[in-house]
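A note on names: the letters A, B, ... follow the listed sequences, proteins ahead of strands, and every chain is numbered from 1. Only a predicted model underlies this, so the values are computations on that prediction, with no experimental measurement involved.
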Amino acid sequence: MIPAAVGYVRADSAEAAVAALGEHGDEAKLLAGGQSLIPLMRLRLARPSVLVDMGRAEDLRGISVDGDTVSIGALTSHSALEHSVELAAACPLLAHVASQVGDPAVRHRGTLGGSLAHADPASDLPAAVLALGGTLVATGPGGSREIAASDFFTGFLESALASDEVLTTVHLPVSTGGWAYQKFNRRAQDWAIVGVAVAEGGAGVSLVNMGSTPLRAAAVEAAVAGGAGASDAAAVAADGTEPPTDNNADGAYREHLVRVLTERALVAAGA
Amino acid sequence: MTITETPFAGGIVGEARLRKEDPALLTGEAKFIDDLDLPGALWVACVRSPHAHARINGVDTSEALAVDGVVAAYSGEDLADTWVAPLPCAWPVTDDMNNPAHFPVAQGKANYAGDIVAVVVATSRYAAADGLEGVVVDYEPLDAVVSIEDAESDRVVIHEDLGTNVSYEWPLIPDPEGVDAAFEAATHHITETYVHQRLIPAPMEPRGVAVVPAPHNGDMTLYSSTQIPHVLKVMAALTLGVPEQKLRVIAPSVGGGFGCKLNVYAEEILCMALAQRHGVPVRWTESRTEAAGSTIQGRAQRQTIELAADADGKLTAVRATLLADMGAYLQLVAPGVPLLGAFLYHGLYDVPLYSFTCKSVFTNLTPTDAYRGAGRPEATYAIERGMDALAVAVGVGADEIRSRNFIPTEKFPYDSPAGLVFDSGNYQPALDRAKELIGWDARMAEQAERRAAGSTTHLGIGISTYVEMCGLAPSRVLASLNYGAGGWESATVRVLPTCKVQVVTGATPHGQGHETCWSMIVADRLGVDPDDVEVLHSDTAISPLGMDTYGSRSLSVGGTAIWMATEKVVEKAATIAAHMLEANPEDLELTGGVFSVKGSPDAEVPLAGVAFAAFTAHDLPDGVEPNLQAQVTWDPPNFTFPFGAHIAVVEIDEVTGAVDLIDYAACDDCGNQINPMIVEGQIHGGIVQGVAQALWEEAVYDEDGQCRSANLADYLVPSAAECIDMKLDHTVTPSPTNPMGVKGIGEAGTIASTPAVMNAVVNALRPLGVTGMAMPASPMTVRRAIEAAGGGAS
């Protein structure tokens, strides 16, 4: 639990962070809230040579609603999402999901951008952003580009971000239609054994911890769009997934759970 | 001098006083081992075997020595000459017990993942950790023995020199023919097999050691996050050959132990040896991940319990057969842990015939040892789960089967079939009160309604009653069990010249609140403010005599010593006061801190005046020594026998298998209570810890002996969010074994709650055909049990 020696630079803006990443190369890692990276470093499973600390990049913090779009700075904490009055009105699914992450200490330190960039299939927030059809803005040496959430998660703990890019903003459509988040775990603070997020009455459905990436449940969405009821739509929730096995659940049990939770989430969301 | 009839007359004992320990703990003022400031100390890091079982063909430390800050690195062979004796096991339960040599650093072979195979010494904790990566060990992996069944088969013999994996077999069968005949004659013969999964104790503070040597005069101070500084001092002196009079052991603030710090660990002896070798302070702090493999684990046994009963469900015999997992080596008291339950597999039931057998085996897993309750949770679990099975067979309620079998109150003191004398008990009122607290009839009706309505959310109601043997222990009884030490406790009470009081105790609190309780006992008797009583402990230079804290012993043994020392002080003070008042000591009474002559209200002298007179010694009665001080060592004549009844209510989602604990009631009887708030706190924590075994915690090992639950994300210690309000009450049946009528409450919650919850889980699912359930009752385990029984909505 003692990390290896590591270099440290502070980057108080996206541009400074991009410059630092350019200077230090592939072995540099961005540090936001540190809720995933620091534990990995303590176990020496992650050994970056340099930490680029964005913790004080205040421009990347905050929530704004402009017309049909909600924009959230990447460094906005889970706690800020959880307690934002604007977000509760414009995108209640995300505010609720944020309240389900870890424990209060994690939610005060952890950031939306950090959670998305870490791309953990067992994390709550990526699934919410997927179900909501979010768009992620990344800044690199050549400027900024937009990446659809559905294109962002490319593999286990891998995202579409290039090594010299910084996630700066998350755009979400205002979404006040029927929503639900079913998180199944054994202790309040734990990752989901399986989770299901539903937005807009089933137009967006995504799955937590059912494969190597956060997953969009396209088959469920299609079934709902085709007029299927919650039970029938949920029956295909495990289709195409490759759920992991761990102490809490094997793959078959996860497939059972995801069908159960999807049905419950669809019913709760009014599908 | 009159000794009042009731043991406590001062109006202080019995108050729910806030703990005097807490301000320092809550503000960070308390110093834990990692807070010690030891300039110039070297840090130790341990190279631990990643393999559960491997031959060590070589250890190359050369790269480690090249790391910045690394001062030295040693293999097991390098240090082989350092040890005078192997690490101690103080409880050779049988004369022919197999006990493999266990040294702080393994030589030749690593026998569990976590076994220390080399050590790095460096100028900082970081450098020591970097040095670990430079130690190259040539391992030859061997087949690992993970299950106790595999161990028993001797397919692979772990300690080749022993020729077997069996450490010992220990029978307690007073009347074998009688037991056999009872089972032959029984109307009901229940046979149930239960597995107690391995548990990781996980105190809030992991272990830590610091050793400060004085190379020129030979003194050595060992700081350790331990429950047992006194025992450790003796054992460390024997293991390392350090002169005991030169050794001082200090347990600073200790952040919980639950039994896992009732041990003598490799790292303690290792740090002492390295401090001797390097002549400077040496320290080691355990990480959480390290703790999962290198601190002892608890439970780990398979038990078969058989109940013989007549047509009415009245028990006629109980037979328990255990297979217990010692892990790779025998730690300090590990062999005796099953024996602490061996006498209690009939629970609080009146049974004439009794049979207990335990076989203990070695595996390639972390050593086991005492964990909160130590043997008694296991025994209670077996009999209480078994009683539910018997109730079903007989066709009566879980409450009724227990009532029919309770030892009748008039039978106390009760000669138990296992050979104990239960000094007191009154069981039915505790069960009645627990049923009242939980709303038994309403809950039963609610369950029936849900079942009739075909609900897939099942309600389960589970009882566990319990009796434990606490107050470890009469030294002569320990001798009969081959235990290598006594069970007494020491106390000194000292009234200072200014009438402030020092209490020196041999108990070693590590979260219990002894400072608060001990000061209340003394203040109640002397009539002083509890805040004017300072309790000194956990440092062998200040408290040289002690047997430390475990086994719910501190109050009933250590507290009794304090009570008796206080009485001696009062007697001496009364002699001096009588001299001052020119009265007869027998005519004096001490009330509110003032000695007065009965019948002469004006003739009085305050204790403060007596204390100062004892200090100046200007005018003491002939033959009376100066100062007000008394020391008592108390060896209890018997155990104490707390009891109670707990009831859990669970809701189970048949579809997911999720178990939700929704209600809990407990009526406990620990005799007279010193501080009811501390009693409640012990019960709260104990219940949660026991529920954790039922629902969440398990040290998961794969087939190679690798721990798959080595951190607090994978090892599910419950948090506040998992706790529920508990409905607590108590009955008071004072123990006649000690003058305060106290028994002990540290382990009760842990003992009762596990079977209560598991009985509730099985009770909920019986209509689905489920008759048993493995622990922990995780959602997947529950769902699979429902499916296996042929049920389960999807």
Side-chain angles (χ1 to χ4, degrees), chain A residues 1-6 35-36 39-45 47 99-100 102-106 120 122-123 182-196 209 231 234-235 237-238 243-264 267, chain B residues 43 45 67-69 124-133 206 285-291 653-660 692 695-702 707-723 776-784 787 792-794:
Chain A
M1 296 290 276
I2 299 292
V6 62
Q35 299 304 288
S36 299
L40 290 171
M41 289 173 63
R42 289 178 65 95
L43 292 166
R44 300 196 173 201
L45 294 172
R47 302 184 70 148
S99 77
Q100 301 299 299
D103 55 31
V106 167
D120 187 335
S123 287
Q182 284 278 326
K183 179 174 182 174
F184 190 84
N185 57 13
R186 294 171 68 188
R187 296 181 303 178
Q189 74 212 50
D190 288 334
W191 281 279
I193 295 172
V194 174
V196 178
N209 216 2
S231 174
T245 289
D246 57 29
N247 292 350
N248 290 317
D250 61 19
Y253 178 64
R254 279 199 162 85
E255 290 180 10
H256 167 70
L257 272 184
V258 81
R259 288 188 288 266
V260 172
L261 299 177
T262 300
E263 180 176 349
R264 290 178 181 180
V267 169
Chain B
W43 283 85
V67 172
D68 261 3
S124 74
R125 197 175 177 196
Y126 285 80
D130 291 343
L132 286 184
E133 298 183 334
T285 299
E286 186 180 54
S287 76
R288 181 66 62 184
T289 312
E290 198 174 20
D653 179 348
E654 172 185 331
V655 181
T656 61
V659 177
D660 194 10
L695 297 182
W696 298 299
E697 296 187 17
E698 180 179 23
V700 179
Y701 283 89
D702 67 16
C707 185
R708 297 301 182 195
S709 54
N711 59 60
L712 294 180
D714 293 324
Y715 188 78
L716 306 185
V717 176
S719 73
E722 280 69 52
C723 298
S778 74
M780 183 167 73
T781 297
V782 172
R783 171 70 190 177
R784 291 274 155 83
E787 289 172 354
S794 59

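For B:R783, the part lying under 4.5 angstrom from a heavy atom of chain A is the side chain only. Contact of A:A234 with chain B is not made at all, since no heavy-atom distance falls under 4.5 Å. Contact of A:I193 with chain B is not made at all, since no heavy-atom distance falls under 4.5 Å. Within the 4.5 angstrom heavy-atom criterion, atoms from both the backbone and the side chain of B:V655 approach chain A. Using a 4.5 Å cut-off between heavy atoms, A:D250 touches chain B through backbone and side chain atoms alike. With a threshold of 4.5 angstrom between heavy atoms, B:E698 does not approach chain A through any atom at all. For A:N248, the parts sitting under 4.5 Å from any heavy atom of chain B are the backbone and the side chain alike. Proximity to chain B (any heavy atom under 4.5 Å) is shown, for A:P39, by neither the backbone nor the side chain. Within the 4.5 angstrom heavy-atom criterion, no atom of B:T781 approaches chain A. Both the backbone and the side chain of B:P779 come within contact range of chain A, each with at least one heavy atom under 4.5 Å from a heavy atom of that chain. Contact annotation for B:L695: only backbone heavy atoms (N, CA, C, O) come within less than 4.5 Å of a heavy atom of chain A. Only the side chain of A:R44 comes within contact range of chain B, judged by heavy atoms closer than 4.5 Å.
Using a 4.5 Å heavy-atom threshold, the side chains of A:D246 and A:R254 count as touching. Within the 4.5 Å cutoff, no side-chain heavy atoms of A:F184 are placed close to those of A:V196. Between B:D653 and A:V260 there is no side-chain heavy-atom pair separated by less than 4.5 Å. Looking at heavy atoms from C-beta onward, A:P244 lies in side-chain contact with A:N209 at the 4.5 angstrom threshold. Taking the side chain as every heavy atom from C-beta outward, A:R186 and B:S778 approach each other to under 4.5 Å.
What you find for A:R259 and A:A235 is that their closest heavy atoms are CD-O, 3.5 Å.
The CG atom of B:D68 lies 9.5 Å from the OG atom of B:S124; values are rounded to the nearest 0.5 Å.
Ionic pairing of A:R47 and B:E133 is present here: one or more N-O contacts between side-chain nitrogen and carboxylate oxygen are shorter than 4.0 angstrom.
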